[in-house]
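Everything on this sheet refers to the single structure shown next.
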Amino acid sequence: MPDVMSSSRLIGVGVGPGDPELVTVKGVNALRAADMVVVPVMDTGERGRAEATVLHYVPQDRIVRVVFALNERSDHARREAAWDAAGERVAGLLAAHACVAFATIGDPNVYSTFTYLAQTIGELVPDAVVETVPGITAMQDLAARSGAVLTEGTEPLTLVPVTAGSAVLKDALNGPGTVVAYKFGRLAGEVAAALRETGRIEDAVWGSALGMEAESIRPAGELDGAPLPYLSTLIAPARRDGTRGGKL
């Protein structure tokens with residue numbers, strides 16, 4: 001591998017949940033200033049949300065599609081091999097360019113593929129500077145589109161990836177405050193059961209494909225157990241008595 005440019009930079013840019021208008025000004029500037037913009041794709045080759053969003057701001061010839069095992073959870077060796085290959089590809093880009101951006105849906109520090117890439121680059125290119133630009137998350141977008149208030153006063157906010165199991169979600173629902181669930185589409189039936197068992201289904205709302213043509217936002221009470229899109233998001237607001245400032 002050729003020597004990496006001195007002061008080469010890798011910037012993880014959060015591009016939001018899918019609506020291109022929800023990329024921050026700083027995020028757009030970072031994408032446009034980068035020499036190349038890496039977008040993660042599955043090995044199926046289909047265009048993902050990050051790539052579709054970036055194309056609103058960056059020409060195709062400055063976008064590099066890098067395959068990640070984004071949907072691989074059981075085959076650890078295959079996932080590690082994909083991360084290694086992606087890291088090598090990005091390290092090669094850093095050898096040829098002073099600044100490379102990596103576009104990730106949501107925020108680069110919240111359940112993002114960028115975390116693993118940054119760790120790999122830290123080993124392959126220890127002199128590279130790694131930075132992040134925050135992005136709007138799916139829970140913020142769903143709250144805005146549905147009118148669900150995420151937190152008031154002293155309420156805690158718990159974010160749970162349901163890929164960790166529905167038991168983790170149920171524990172969170174039995175606690176105080178608002179609970180947000182990510183990646184629950186394949187376990188929609190178990191999520192609905194957990195909401196009903198804990199008495200939290202009445203005010204809960206779920207959404208998928210936010211800001212896109214296939215957008216769907218529905219009360220959680222309509223969950224019938226049928227699988228939903230993998231990246232569905234759920235908000236179960238804290239129990240409130242309707243008093244203004246009651247949680248202060």
Side-chain angles (χ1 to χ4, degrees), residues 4 8-18 22-24 26-28 30-31 34-43 48-54 58 63-95 97 99-142 157-165 168-169 172 180-186 210 230-233:
V4 175
S8 59
R9 296 163 62 219
L10 173 65
I11 307 175
V13 180
V15 296
L22 290 181
V23 185
T24 67
K26 186 170 184 176
V28 171
L31 293 172
D35 299 302
M36 303 299 292
V37 178
V38 173
V39 294
V41 297
M42 294 192 295
D43 52 14
R49 295 186 190 184
E51 181 178 7
T53 302
V54 169
V58 176
I63 296 176
V64 178
R65 309 176 89 232
V66 175
V67 174
F68 284 78
L70 298 173
N71 59 344
E72 181 59 69
R73 297 192 57 79
S74 58
D75 190 335
H76 183 75
R78 177 175 175 269
R79 187 172 66 241
E80 290 285 335
W83 287 346
D84 289 343
E88 290 284 353
R89 181 76 186 282
V90 174
L93 290 172
L94 288 168
H97 303 284
C99 181
V100 175
F102 180 93
T104 178
I105 60 171
D107 182 278
N109 293 303
V110 180
Y111 299 130
S112 171
T113 304
F114 181 73
T115 301
Y116 314 122
L117 176 64
Q119 291 174 347
T120 304
I121 292 300
E123 296 171 0
L124 295 176
V125 192
D127 292 335
V129 176
V130 178
E131 304 171 358
T132 58
V133 176
I136 292 173
T137 61
M139 64 178 168
Q140 292 169 289
D141 195 13
L142 178 57
L157 174 64
T158 304
L159 175 59
V160 177
V162 183
T163 47
V168 177
L169 173 62
V180 174
Y182 275 1
K183 306 176 184 179
F184 80 92
R186 296 170 186 168
L210 301 174
Y230 174 68
L231 291 178
S232 296
T233 298

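Of all heavy-atom pairs between Ala138 and Pro17, the closest is CA-CB, 4.0 Å. Of all heavy-atom pairs spanning Gly87 and Thr120, the tightest one is CA-CG2, 3.8 Å. Contact detail for Pro161 and Tyr111: the closest heavy-atom pair is CD-OH, 3.1 Å.
Taking CZ of Arg49 as the start and CG of Leu231 as the end, the distance is 5.0 Å to the nearest 0.5 Å. In this structure, Leu124 CG and Leu94 CG are separated by 10.0 Å, a value rounded to the nearest 0.5 Å. Going from atom CD of Glu88 over to atom CH2 of Trp83 covers 16.0 Å, rounded to the nearest 0.5 Å.
The environment of Tyr116 atom OH is sparse: at most 12 non-hydrogen atoms of other residues, nucleotides or ligands sit within 6.0 angstrom.
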Working for side-chain contact (heavy atoms from CB on, under 4.5 Å), residues Val162 and Lys183: CA-CA 6 Å; Val162 183; Lys183 306 176 184 179; 5.8 Å; no
What verdict does the side-chain contact (heavy atoms from CB on, under 4.5 Å) test give for Tyr230 and Thr163, after you've listed the backbone C-alpha separation in whole Å, the side-chain angles of each residue and the deciding distance to 0.1 Å? CA-CA 10 Å; Tyr230 174 68; Thr163 47; 3.7 Å; yes
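For Gln140, the side-chain contact (heavy atoms from CB on, under 4.5 Å) partners two or more places apart in sequence, or in a different chain, are Ile136, Thr137. Under the side-chain contact (heavy atoms from CB on, under 4.5 Å) criterion, Asp127 pairs with no residue at all, not counting sequence neighbours. Among residues two or more places apart in sequence or in another chain, the side chain to side chain donor-acceptor pair (under 3.5 Å) test is passed with Asp84 by none.
By the 4.5 Å heavy-atom criterion applied to side chains, Val110 and Leu159 are counted as neighbours.
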